[in-house]
Amino acid sequence: MAQCKAEQQTVVQSKTAEFQWVMGIESSCDETAVAILQDGTKLAANLVASQIPIHQIYGGVVPEIASRQHLEVINGLIDQALKDAGIKLEDLDGIVVSQGPGLVGALLVGVSTAKALAYSLNIPLLGVNHMEGHIYANWLAHGPIDFPVLGLIVSGGHTALMLLEGHGQYRLLGQTRDDAAGEAFDKVARAMKLGYPGGPIIDKLAMQGNPAAYELPRAWLADTPWDFSFSGLKTAVLNILNQAQMRDEEIVTEDLAASFQASVVEVLTEKALRAAEQFGVKQILLAGGVAANMGLRQALEDRCRQAGLKLYYPPAALCTDNAAMIVM
Ligand code: KG4
Ligand code: ZN
């Protein structure tokens, strides 16, 4: 099992600042993660055990296998995190756990572990929203961010535009009607037989391809302009693949990857910029696994610079699931 240390860093502001040692636990999908925050300011441990190699052979996350795998590794990860922080279990003053949304069986492992620890140690337990965790990865990376800020949250399970007006004050402007952006990357990559997870693979291929090579749709959804839809785009890619197969024609993988990514990036970028303008917000915050996409970062950076907006996104290791974003 791949186990990596995400970046160690100092947190500027935390919801658990009055506690000395707080453990964060994340198990909502295919990453088991444990982090320890010291004095609300310093990440003393930050471990992510990814299950990607296990799910790769199935072309996607198998929920039952994910739950069992979380169960296999979570205790070892907690022990290692305590070791990294140089403390004992009894030193913990609080536990923060990702309570959803996510795969129910997978979440259950983290939440049950967190409950058991909090109960046995007689310390407080705080459940946090996983998407809120993704948003706060930006505070972890950049320190305090002023409100209001427009949030574009793009992950394997969600795609949402939010107006963040204060801590805990979020207005959901729009979300996906069907596939999430990351889900679309994963499904298209699977259809193209590229492997799992599709996002990073397509991202890399897209850099070498022509984004105008294949004509693909953009779902602007005029009646609900802040919503997203990626299923039509996915179907369009499937049609191209099927037709090429029937006609015995070659697909230029890099070009199809670049054309698909260009469609996703254009819709995400354009809607974020339009929403920022409409709501008079001068800052955009990008979060979630798809925030690691180089094409999306570049397009948003260019557009924000032209429009005089400030753009925030976390380093790649804090875009995908981790426990630092949960505990902070
Ligand atoms: O946030 P995350 O780790 O898990 C969820 O909360 O869903 O996001 C995982 C998603 C996957 O769909 C993956 O393909 C996508 O993030 N992803 C990317 C990139 N890196 C990860 N999508 C596009 N480009 C990337 N570089
Ligand atoms: Zn996530």
Side-chain angles (χ1 to χ4, degrees), residues 2 4 6 24-33 35 48-52 55-56 58-61 63 66 70 97-104 106-107 110 128-138 140 151-160 175-176 178-192 194-207 209 211 228 230 233-234 257-258 260-269 285-300 313-326:
C4 69
I25 297 177
E26 158 65 42
S27 73
S28 65
C29 191
D30 58 348
E31 263 97 29
T32 323
V48 180
S50 175
Q51 303 177 5
I52 286 175
H55 297 286
Q56 250 160 1
Y58 305 100
V61 178
H70 285 306
V97 65
S98 175
Q99 66 177 12
L103 300 171
V104 174
L107 283 164
V128 302
N129 181 286
H130 177 80
M131 302 313 292
E132 198 172 0
H134 275 302
I135 291 169
Y136 275 87
N138 279 290
L140 195 54
L152 175 60
I153 298 99
V154 275
S155 72
H158 291 82
T159 303
Q175 57 189 326
T176 186
D178 37 61
D179 292 340
E183 190 180 357
F185 269 98
D186 294 340
K187 286 179 174 171
V188 162
R190 191 171 173 173
M192 292 172 72
L194 297 175
Y196 175 83
I201 303 171
I202 290 184
D203 195 6
K204 216 165 158 195
L205 286 168
M207 286 175 202
F228 300 92
F230 296 107
L233 170 62
K234 178 189 66 190
F260 163 76
Q261 182 166 298
S263 172
V264 176
V265 166
E266 187 181 328
V267 171
L268 292 175
T269 306
L285 167 163
L286 184 60
V290 182
N293 187 271
M294 298 306 289
L296 179 60
R297 288 169 179 238
Q298 192 58 55
L300 272 171
Y313 53 76
L318 292 175
C319 287
T320 45
D321 291 347
N322 63 87
M325 71 184 196
I326 298 300

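Computed from a prediction, not measured in an experiment: that's the story for all the values here. Just so you know, ligand 1 is whichever comes first in the structure, and atom 1 is the first atom listed for that ligand.
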- request: Drop me the distance from Phe260's CZ to Phe230's CZ, to the nearest 0.5 angstrom.
  value: 8.0 Å
Gly157: numbered ligand 1 atoms lying under 4.0 Å from its heavy atoms: 7 (O)
field: His130 contact mode with ligand 1 (heavy-atom cut-off under 4.0 Å)
entry: side chain
message: Using a 4.0 Å cutoff against the non-hydrogen atoms of Gly289, which atoms of ligand 1 qualify?
response: 1 (O), 2 (P), 8 (O), 16 (O), 17 (N), 18 (C), 19 (C), 20 (N), 21 (C)
message: Would Pro197 count as a polar contact of ligand 1, with the cut-off being nitrogen or oxygen pairs under 3.5 Å?
response: no
Phe185-ligand 1 polar pair, N/O distance under 3.5 Å: no
- prompt: Of the backbone atoms (N, CA, C, O) and the side-chain heavy atoms from C-beta on, which set of His158 has a member under 4.0 Å from an atom of ligand 1: side chain, backbone, both, or neither?
  reply: neither
- prompt: With only distance considered, is Asp321 within less than 3.5 Å of ligand 1 through an N or O on each side?
  reply: yes
message: Regarding ligand 1, does Met294 bring an N or O atom to under 3.5 Å of one of the ligand's N or O atoms?
response: no
- request: Indicate if the distance from the Zn ion (ligand 2) to the nearest N, O or S atom of His158 falls below 2.8 Å.
  value: no
message: Any N/O/S atom, side chain or main chain, of His134 closer to the Zn ion (ligand 2) than 2.8 Å?
response: yes
query: Which atoms of ligand 1 have any heavy atom of Ser155 under 4.0 Å away?
result: 1 (O), 5 (C), 6 (O), 7 (O)
task: For ligand 1, note which part of Asp186 has a heavy atom under 4.0 Å away: side chain, backbone, both or neither.
output: side chain
statement: With heavy atoms and a 4.0 Å threshold, my read on which part of Thr320 contacts ligand 1 is both
message: If you consider just the N/O/S atoms, which atom of Asp321 is the closest one to the Zn ion (ligand 2)?
response: OD1
message: Less than 4.0 Å is my threshold; does some heavy atom of Ala292 fall inside it relative to ligand 1?
response: yes
task: Give yes if a backbone or side-chain nitrogen or oxygen of Gly288 is under 3.5 Å from a nitrogen or oxygen of ligand 1, and no if not.
output: no
